[in-house]
Amino acid sequence: MNPYAQIILFALLLEFALDLVVSILNLKSLRTTLPVEFEGIYDNAEYEKSQNYTREITRFGMVTGLFDLAVILIFWFSSGFDLVDQWIRAFGFHPTLNGLLFMGSLISMKAILNLPFTIYSTFHIESKYGFNRTRISTFVGDRIKGISLFVILGAPLLWAILWILGFLGSSAWLIGWTVTILFMLTIQFIAPTWIMPLFNKFLPLQNSELKAAILNYARSVSFSIQDIFMIDGSKRSTKANAFFAGFGKNKRIALFDTLIAQQTNEELIAVVAHEVGHYKRRHLVKGLVISIIHTGVVFYLMSYFLSQQALYDAFYMQHPSIYAGLLFFGMLISPIESLLGIGLHALSRKHEYEADRYSAETTKNPAALISALKKLSKNNLSNLTPHPWHVFLNYSHPPLMARIRALNNL
């Protein structure tokens, strides 16, 4: 086994083992006694339900993780990547088209294999705990829309990258990076207006009292906004959320209809203030800058590894190709990406604390945000006592108890 194969195999096994250990630790960290901070929010039955939900989704994650690992190892060591490549090459298409078909075939196979797990999660686990409201027609429609978006947006980008890397020589990584960044920026601008509405209805907020209160708050912090929208999130789940998206005139705050139904006006304003805090503290811009730098580094490293014959030998490929190299390079740098992900999670948790603080300071009402977070936790059956290692590796938001304590310390 050559060094590239050894690195990739070790990374796959280590990631699975680490996830498994952390999941077990997370299950052991569940406490039968309700934390004092949540007395009056949960009753005993509701708290037990939240723990059972954590147990079930964690164990389900272990099973899906084992399945994914087994599939990739069997496919790899049975020369699956080469078999797909040889089948596509037999048609005699242009190399760039071969790349699209190669990637599309692998993505389709993975989607088909994972479909039963998605169905089970949506229609059994989520239904069992009272979350799922997805109809079969919505479920199927979401998949059709996702495939359509990949064909319309993803395929042209992939085609451009394959052509650039295959035909533009030593400067290809720089040109590919530039094209990718332009694509990312374009998506940031069009997503709120053109992409998100494909999956959910964005209706102008009809609650005049709430709308006036939110607009008054926005003016008080000099936050210009075109409109406030309500999302029909209830057509898929009872879980609640809110988010801020877009730049410039396309900025929009969106509140799930489930969130509006669960929260008071004061609590909703505190939630909106949290989202505004992300914008005011430039968290979106910082994330975009990090993504741009990261993409540039990836393209630069990729320009070297795509020419390494040993990388293709590790996957038993008879013919090296740019498109196969993209996939194998992604697997090769997965350990680095995992470490980067841990760092990005830590930064995200820091940003959440900052947005919480912004909300508390600008509304002068930290208690409203605390109350809103507690309700969200209860309604989403959140784990109140996650293991620290699970938080460190996987949480983009701080644990709820930590957020509440930070707000109380203000």
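All values below come from the heavy atoms of this structure, side chains included, with hydrogens, waters and symmetry mates left out. All residue numbers refer to positions in the sequence shown, counting from 1.
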Would you check if there is a donor-acceptor pair between the side chains of Tyr53 and Glu126 at a distance under 3.5 Å? yes

| message | Checking Asn380 against Ser382: is there a side-chain donor and acceptor pair closer than 3.5 Å? | response | no

The side chain to side chain donor-acceptor pair (under 3.5 Å) partners of Lys375 (sequence neighbours excluded) come to Glu267

The side chain to side chain donor-acceptor pair (under 3.5 Å) partners of Asp85 (sequence neighbours excluded) come to Arg89, Tyr323

Applying salt bridge (charged side-chain N to carboxylate O under 4.0 Å, His left out), can you list everything that pairs with [X], at least two apart in sequence or on another chain?
{"X": "Asp82", "answer": "none"}
{"X": "Lys235", "answer": "Asp232"}
{"X": "Arg236", "answer": "Asp142"}
{"X": "Lys201", "answer": "none"}

_Centroid separation under 6.0 Å, is that true for the rings of Tyr395 and His345?_
no

Residue pairs passing the side chain to side chain donor-acceptor pair (under 3.5 Å) test with at least one member in residues 7-26, sequence neighbours excluded, are none

In short, side chain to side chain donor-acceptor pair (under 3.5 Å) pairs touching residues 96-109 with sequence neighbours left out are His94-Thr96

Residues passing the ring-ring contact (aromatic ring centres under 6.0 Å, His included) test with Phe60, sequence neighbours excluded, are Tyr120

By ring-ring contact (aromatic ring centres under 6.0 Å, His included), His283 pairs with (sequence neighbours left out) His278, His351

[Y] backbone acceptor or donor facing [X] side chain under 3.5 Å:
{"X": "Ser307", "Y": "Tyr304", "value": "yes"}
{"X": "Ser234", "Y": "Thr258", "value": "no"}
{"X": "Ser371", "Y": "Ala368", "value": "no"}

For Val271 and Ala372, the nearest pair of non-hydrogen atoms, with its separation, is CG2-CB, 3.8 Å

What one should report as the nearest heavy-atom pair of Leu381 and Glu46 is CD2-O, 4.3 Å

Applied to residues 29-44, the salt bridge (charged side-chain N to carboxylate O under 4.0 Å, His left out) test, sequence neighbours excluded, yields Glu37-Arg405

Quick note, salt bridge (charged side-chain N to carboxylate O under 4.0 Å, His left out) partners involving residues 53-76, not counting sequence neighbours, are Glu56-Lys128

(Q) Which label fits Trp163 and Phe167: parallel for a plane angle under 30°, tilted from 30 to 60°, or perpendicular past 60°? (A) tilted

